[in-house]
Amino acid sequence: MRIWFNRGFSLAPIAKAMMAADATLEVIVSTGLGLPIYEGPTETWVEPKLNDEAYLEWVRTQIEEQAIDLFVPTARRHLFASADLPCKVHLPADLATLDLLEDKYLFAQELSEGEIHLPTISVQTKDELAALLNEFRAAYPDIDPCVKPRMGVNGHGFWTLSKTASPLAHLMNPDARRIREDLFLAALAAEEDDRILRPLVLMPFLPGPEVSFDVLAHQGSILKYVARTKEGTRQRLQTSHPLESAARELVQRFSLHGIINVQFRRAEDGSWKALEINARPAGGSVYGEPFGTQLIGDWGGLLSGRLTPGQVSTPNIDLDLEMSTSLRDPSARLAA
């Protein structure tokens, strides 16, 4: 069986893990022009830059010519929800739900009645942000505010705004995502082209830790999950976690399907808040595969029909990992 994932994050290790669990699978991924190509998939295609109509036709042609059995779009999903393609298409939810999950303000509003609700304010303009920050400081005198783009995933554009940080804090340690508030506002005021500024959301800073649930779901029910608690370069992987009931309620509420990611973070008062749901596999979803979680492997089994939901394995792990980097010589691969 041939499965194709179009542009997404961390698809190479996901493809590798899926094929390691089932040697009969061929997993193809596609990426954008100029982006890195990593080992793991059966093939990696470079996508052309096309408008929606032309891109849809290109996808249809690839499916036909490359004998694709299942297409899993992780980008430009709106094009494929009702498209007449010559193979099966896997989506994690209906389009209305996907739109809601990618809108951080609407997602927060959807959870406004529950304990896991994170108070979130929508911000449209530079002047509105300045005014709302004054109101925020009055309401939360001991908590710093955070801002990030209202639309999107993976925390791009996230900043914590501080009254006391050094003016150089965001330059000396950009990974901390912390900037002095007056400098952030000054940068917005200096931008002359308002089209560059996307709508933001404003919310309290949560000290953490953060728990990321990599979930394998089937039509709104969790089949299994791996909860990753992030602490610096370390992550704790657990297949039983106190936040399980909250994750199950969210997966059921949004009728999610396939591998998705649910993120929680602990607030100042010790309560847990839902940050967001990424309706696609996270890069860290492969971390448990070497230890027998089979999250990716069993997903491949469900996609191919090798497994039914009742045959999905139920791992039992509780372990700590430390993230590290390694070096390799690319010329060795070219010589081979």
Side-chain angles (χ1 to χ4, degrees), residues 1-31 36-44 68-75 77 88-93 153-154 211-219 221-230 235-241 244 247-248 251 256-263 277-319 321 323:
M1 183 175 189
R2 288 170 64 83
I3 300 174
W4 172 22
F5 291 82
N6 79 338
R7 293 178 63 172
F9 298 96
S10 305
L11 289 178
I14 289 170
K16 182 178 180 180
M18 194 171 283
M19 292 190 296
D22 184 352
T24 69
L25 286 181
E26 296 181 38
V27 183
I28 296 95
V29 305
S30 55
T31 187
I37 294 176
Y38 298 107
E39 297 178 356
T42 303
E43 298 178 62
T44 300
I68 299 299
D69 299 296
L70 179 68
F71 178 50
V72 186
T74 60
R77 288 165 159 173
K88 293 181 179 179
V89 178
H90 172 90
L91 288 171
V153 295
N154 295 310
V211 180
S212 184
F213 272 71
D214 298 310
V215 171
L216 176 57
H218 180 74
Q219 297 177 355
S221 295
I222 290 182
L223 300 179
K224 63 179 173 180
Y225 67 86
V226 178
R228 293 182 287 117
T229 303
K230 304 175 183 180
Q235 293 199 21
R236 182 180 181 184
L237 274 58
Q238 298 170 282
T239 53
S240 178
H241 194 277
E244 177 178 329
R248 287 189 180 279
V251 168
L256 298 173
H257 189 65
I259 288 191
I260 56 92
N261 180 259
V262 185
Q263 296 178 17
I277 296 176
N278 292 327
R280 52 179 57 80
S285 61
V286 300
Y287 291 166
E289 296 298 294
F291 307 99
T293 61
Q294 281 287 296
L295 197 75
I296 304 296
D298 282 1
W299 186 34
L302 292 173
L303 292 175
S304 68
R306 175 174 57 87
L307 297 177
T308 65
Q311 294 173 313
V312 168
S313 62
T314 53
N316 181 21
I317 66 165
D318 187 342
L319 56 88
L321 301 179
M323 304 295 108

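The analysis underlying the following values was restricted to heavy atoms, covering all of them including side chains, and did not include hydrogens, waters or symmetry mates.
Taking the side chain as every heavy atom from C-beta outward, V72 and W4 never approach each other to under 4.5 Å. L11 is not listed as a side-chain neighbour of P41, based on a closest heavy-atom distance of 4.5 Å or more. When side chains are defined from C-beta on, N278 counts as touching Q263, because their heavy atoms get closer than 4.5 Å. The side-chain heavy atoms of Y287 and R228, taken from C-beta on, include a pair separated by under 4.5 Å. Counting only heavy atoms from C-beta outward, the side chains of R236 and L319 never approach each other to under 4.5 Å. T314 is not listed as a side-chain neighbour of T239, based on a closest heavy-atom distance of 4.5 Å or more. Between D318 and L237 the shortest side-chain heavy-atom distance does not fall below 4.5 Å.
Listed for the T74 side chain is a donor-acceptor partner under 3.5 Å among the backbone atoms of R7. At distances below 3.5 Å, at least one donor-acceptor pair connects side-chain atoms of H257 with backbone N or O atoms of Q219. Side-chain atoms of S304 come within 3.5 Å of backbone N or O of G300 as a donor-acceptor pair.
Residues passing the salt bridge (charged side-chain N to carboxylate O under 4.0 Å, His left out) test with D69: none are found, sequence neighbours excluded. Applying the side-chain hydrogen bond (donor to acceptor under 3.5 Å, both in side chains) criterion to W299, with sequence neighbours excluded, gives no partner residue. Not a single salt bridge (charged side-chain N to carboxylate O under 4.0 Å, His left out) links E289 to another residue, sequence neighbours left out. A search for salt bridge (charged side-chain N to carboxylate O under 4.0 Å, His left out) contacts involving R248 returns E244, not counting sequence neighbours. Taking the side-chain hydrogen bond (donor to acceptor under 3.5 Å, both in side chains) definition, one finds that T42 meets it with nothing, sequence neighbours left out.
For the residue pair A93 and L256, the shortest heavy atom distance occurs at CB-CD2, 4.0 Å. The shortest non-hydrogen separation linking V251 to A217 is CG1-CB, 3.8 Å. Shortest non-hydrogen contact noted between P92 and R77 is CG-NH2, 3.7 Å. Across S30 and N6, no two heavy atoms sit closer than the pair OG-CA, 3.1 Å.
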List the steps and the verdict of side-chain contact (heavy atoms from CB on, under 4.5 Å) for I260 and R280.
CA-CA 5 Å; I260 56 92; R280 52 179 57 80; over 6 Å; no
Could you go through V312 and L216, starting from their C-alpha distance and side-chain angles, then the distance that decides it, and tell me whether this counts as side-chain contact (heavy atoms from CB on, under 4.5 Å)?
CA-CA 10 Å; V312 168; L216 176 57; 4.2 Å; yes
Walk me through whether I317 and Q238 qualify under side-chain contact (heavy atoms from CB on, under 4.5 Å).
CA-CA 6 Å; I317 66 165; Q238 298 170 282; over 6 Å; no
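Counted by atom type alone, N261 and S212 present one or more donor-acceptor pairs between their side chains at under 3.5 Å. Of the N and O atoms on the side chains of S313 and K224, at least one donor lies less than 3.5 Å from an acceptor on the other residue.
Aromatic ring centres of H241 and Y225: separated by at least 6.0 Å.
Note that NZ of K88 is 10.0 Å distant from CG of L303, once rounded to the nearest 0.5 Å. One distance of note links CD1 of I296 with CG of D214; it measures 7.5 Å at 0.5 Å rounding. We find the OG1-CD1 distance between T44 and I28 to be 9.5 Å, quoted to the nearest 0.5 Å. For the atom pair CD1 (I259) and CG (D298), the distance works out to 9.0 Å, reported to the nearest 0.5 Å. Atoms CG and CD, from L223 and Q311 in turn, are 11.5 Å apart once rounded to the nearest 0.5 Å. L321 CG to K230 NZ: the interatomic distance, rounded to the nearest 0.5 Å, is 13.0 Å.
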Please tabulate, one pair per line, all N/O donor-acceptor pairs under 3.5 Å involving side-chain atoms of residues 14-23, not counting sequence neighbours.
| unit_1 | atom_1 | unit_2 | atom_2 | d |
| --- | --- | --- | --- | --- |
| D22 | OD1 | T24 | N | 3.0 |
| D22 | OD1 | T24 | OG1 | 2.6 |
| D22 | OD2 | T24 | OG1 | 3.3 |
| D22 | OD2 | R306 | NE | 3.1 |

